[in-house]
Amino acid sequence: MRDSPAASDTAPPSAPYLAGLNETQAAAVHATDGPVLVLAGAGTGKTRVLTCRLAHILATGRARPWQVLAVTFTNKAAREMRDRVGALLGCSVEGWWVGTFHAAGARLLRSHAERVGLKPAFTILDMDDQLRLLKQLIEARGIDAKRLPPRLFSSVIQRWKDRGLTPDRVTAAEGADAVDNLALPLYEEYQARLRAVNACDFGDLLLHGLTLFREYPEIAEKYQRQFRYLLVDEYQDTNVAQYLWLRALAQGHHNLCCVGDDDQSIYSWRGAEIGNILRFERDFPGAQVIRLECNYRSTPHILAAASHLIAHNQGRLGKTLWTTRGSGEKVGVRAVWDGEDEARVVCEQIEALRGRGHPLREMAVLVRAGFQTREFEERLITVGLPYRIIGGARFYERQEIRDAIAYFRVVVQPDDDLAFERIVNTPKRGLGPATLRSVHTLARDAGISLLAATARLIGSDELKPQARGTLSRLLGDLARWRDRLSAAPHPDVAMQILEESGYTAMWQADRSPEAAGRLENLKELVAALTEFESMPGFLEHVSLVMDNDEAAGDDKVVLMTLHAAKGLEFDTVFLPGWEEGIFPNQRALNEGGTAALEEERRLAYVGLTRARARAFIFFADRRVVYGTWQQVMPSRFIRELPADDVVQSAPAGLFGFEMRRAMGARADEALSEAIPIAAPPPRFAPRHRPEPPLIEGRAERVAVRPAPAHPFAPGQRVFHQKFGYGSVRAVDGDRLDIDFEKAGSKTIIHSFVEAA
DNA sequence: TCCCTCCTTGTTTTT
DNA sequence: CAAGGAGGGA
């Protein structure tokens, strides 16, 4: 449908949802028809444009809600889009096609599953299931899984899927190249196994969609007609499969609007194809390109530093970000002695800012790799600053949650072999490898599911009486739970499953420090069930949508990787570990080419542009790498910062030398502005003077906490969330010296432990 | 079946 | 160095 005058007349330019857009944003909202690429620099109101555009399309009657497909990458982004569109239009977005690529792919595929050899109730496997399945196939082929681990095959297969390649479309030459010519046959077998157990992995949700569109043009046409408008967020992160999927849907009307920023493409290692955004104008002839360049987030110094840095990249479309914000602080570049010093300095700055009234939740420490958070955590615990780590094990990836869900899966779908395997001997039921092997053998030979094979074996006398009894009881339980599910509320049944299977009891009997938390998680899982209509509905949600959305409301310092920080913003950002080998990462350096290095630089750009008011970069003189001290070089990215927008500082002993190394020829000029800070090296000099914070003005010491609510005494047994159980060795005010059973001895603020 | 020891391997991570 | 996996021994 083309822009009809009647349609556009119904939306006056003063429509409330258009209020406050700047000129280019408004242009991006109004350019409804034909292909449009919105190049949205960091902090330029990208989400705003997307949501307003969607609202505009609906409000002007160009399409009905179910005729617009809006896709993003993450659940977080999808949720934000749904919330904002809902708020803008004042209605529910229930049932609309606004969500992640994978959720849309799954929804579409459920309607046509038979066409690709699946049943509509197919299971969506996660990483863990995939790896276990692959491992079985690898071992069945007699491949040494130690030399060639499942992960390796998994990543090769995933990359093929990212490129939209089904096994028959991988060229023989490429197949021969991949893992000794083993990956391609394994890929074929893997796909066959997935179909046999009526399952999909994440890549399949799109890949099967492509097959569907290719083999059944009438289905493709149906969706081309249905989706009059397509909106895509984070286009720089799409892979080839997603590009092909979008292109198939946009066929005909070409009402495709992609929003993205080539400078923030940081996911090539998982198949994202930056070429998609660079090639957009060629892929979609007649495309309009709209650049959003007015940044509403960062101060000019931060913006200048980020822009100057990213200008060192070759392969980019190029934009000129500008801001109307007044000048603020320059970007701090700070040399430190080592990782411990770095954590200490960062925490001092955090305390200083807090003393000046800045909320902790507005301060983020953004690291290149997860392991870097450890030293910060330890320091934050020591000084008693509350913090939150984003990332790490997600809720549904935890062992106990996966086990519980496996029970639910088998109950709902008896043929779910991977789930059956997971629970058949969890908790331990005394089933040995021999018993399980005969189940597997029969299943394979008869071409039936593990559960069906088990049932058959129980009827025979092949099994030892004990195993037979155990399996018979398990199958009886499963059947009973299944019956109950149709009669009783599913949260109640879930609770019964966990109780009657002995799963809850297993953790109650467990004396390890994590057991209590696991039981808590199980309770949380059952509580979460109440929000869903049915058990199958819940399972779909779990596999596609469930993430650990921690309460962001608490006032805590935020620790996370640069990748996890994309799309977020903070008043203050700390960027530690800017050293060659850490950032840029060693692997990027090993590759030798520019592609990997440019991606690291984009990551640096993402990091800097997260900051609204303050950004601090750190680099150490030496660091412990794999257990040994190593002298490290400042990151080349430091040298690429504009001297005018940066303030440097270093402890006295490091001052001249390090700065010259970091800043190259411009160091002397820059040094005239720098603030020398006296601090002895913590490890090599015995004296230790407290150091003033880098931020101007002295740190106001935060008031000492009130007297401990629980008086702790030496010898007392205590429990800590992270370190587990331990005993108090000494008490010093609000600080406790604790010997932990697992984690060794640490100094901990009393409020972080409880009496055990 | 469980525990201990030896060995390997150390980015980023969403769905 | 430290964590996690595999394999062997009790």
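We name chains A, B, ... by the order of the sequence lines, and we start the count at 1 in each one.
- Taking the C1' atoms as reference points, B/dT12 lies 23 Å from C/dG5, given to the whole Å.
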Could you pull out every donor-acceptor pair under 3.5 Å between side chains of residues 588-597 of chain A and any protein atom, sequence neighbours left out?
none

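- Side-chain atoms of A/Gln191 and A/Asp204 form a donor-acceptor pair, as typed in the model, at a separation below 3.5 Å.
- A/Arg107 forms a cation-pi arrangement with A/Trp97, by the criterion of a distance under 6.0 Å to the ring centre and an angle within 45° of the ring axis.
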Under 4.0 Å protein heavy-atom contacts per nucleotide of nucleotides 1-11 of chain B, with B for base, S for backbone only and - for none: SS-------BB

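- Not one side-chain nitrogen or oxygen of A/Asn75 sits closer than 4.0 Å to the OP1 or OP2 atom of B/dT14.
- In this structure, A/His102 atom NE2 and B/dT13 atom P are separated by 17 Å, rounded to whole Å.
- With rounding to whole Å, A/Gln130 atom CD is found 18 Å from B/dT13 atom P.
- The nearest whole Å value for the distance from the CG atom in A/Leu125 to the P atom in B/dT14 is 19 Å.
- For the residue pair A/Asn276/A/Thr238, the side-chain donor-acceptor check at 3.5 Å is satisfied.
- Among residue pairs with one or both ends in residues 574-586 of chain A, those qualifying as salt bridge (charged side-chain N to carboxylate O under 4.0 Å, His left out) are A/Glu579-A/Arg623, A/Glu580-A/Arg636; sequence neighbours excluded.
- Rounded to whole Å, the distance from NZ on A/Lys76 to C1' on B/dT13 is 12 Å.
- Note: CG (A/Asp233) to P (B/dT15) measures 13 Å, nearest angstrom.
- Separating the C1' atom of B/dT13 from that of C/dA2 is a span of 22 Å, rounded to the nearest Å.
- Whole-Å rounding puts the A/Leu366 CG to B/dT12 P distance at 15 Å.
- The separation between A/Glu540 atom CD and B/dT15 atom C1' is 12 Å, rounded to whole Å.
- Remark: A/Met81 CE to A/Thr100 OG1 distance equals 10.0 Å, nearest 0.5 Å.
- The CD atom of A/Glu234 sits 12 Å away from the P atom of B/dT15 (whole-angstrom rounding).
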Full working for salt bridge (Lys or Arg N to Asp or Glu O under 4.0 Å) between A/Arg163 and A/Glu273: CA-CA 9 Å; A/Arg163 287 163 54 202; A/Glu273 179 52 60; over 6 Å; no

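- Note that the first and last nucleotides of DNA chain C, 5' to 3', having any atom under 4.0 angstrom from a heavy atom of chain A are C/dC1 to C/dA6.
- The distance between the ring centers of A/Tyr267 and A/Trp269 falls below 6.0 angstrom.
- For DNA chain B, the neighbouring residues in residues 557-569 of chain A, judged by any heavy atom under 4.0 Å, are A/Thr561, A/His563.
- Counted by atom type alone, A/Gln372 and A/Glu342 present zero donor-acceptor pairs between their side chains at under 3.5 Å.
- A donor-acceptor contact closer than 3.5 angstrom links the side chains of A/Asp621 and A/Gln631.
- A distance of about 24 Å separates the C1' atoms of C/dA6 and B/dT11, rounded to the whole Å.
- Defined by atom type and a distance below 3.5 Å, a donor-acceptor pair is missing between the side-chain atoms of A/Tyr605 and A/Asn313.
- Legend: residues meeting ring pair (Phe, Tyr, Trp, His ring centres under 6.0 Å) with A/Tyr223, ordered by chain and number and at least two apart, are A/His112, A/Phe227.
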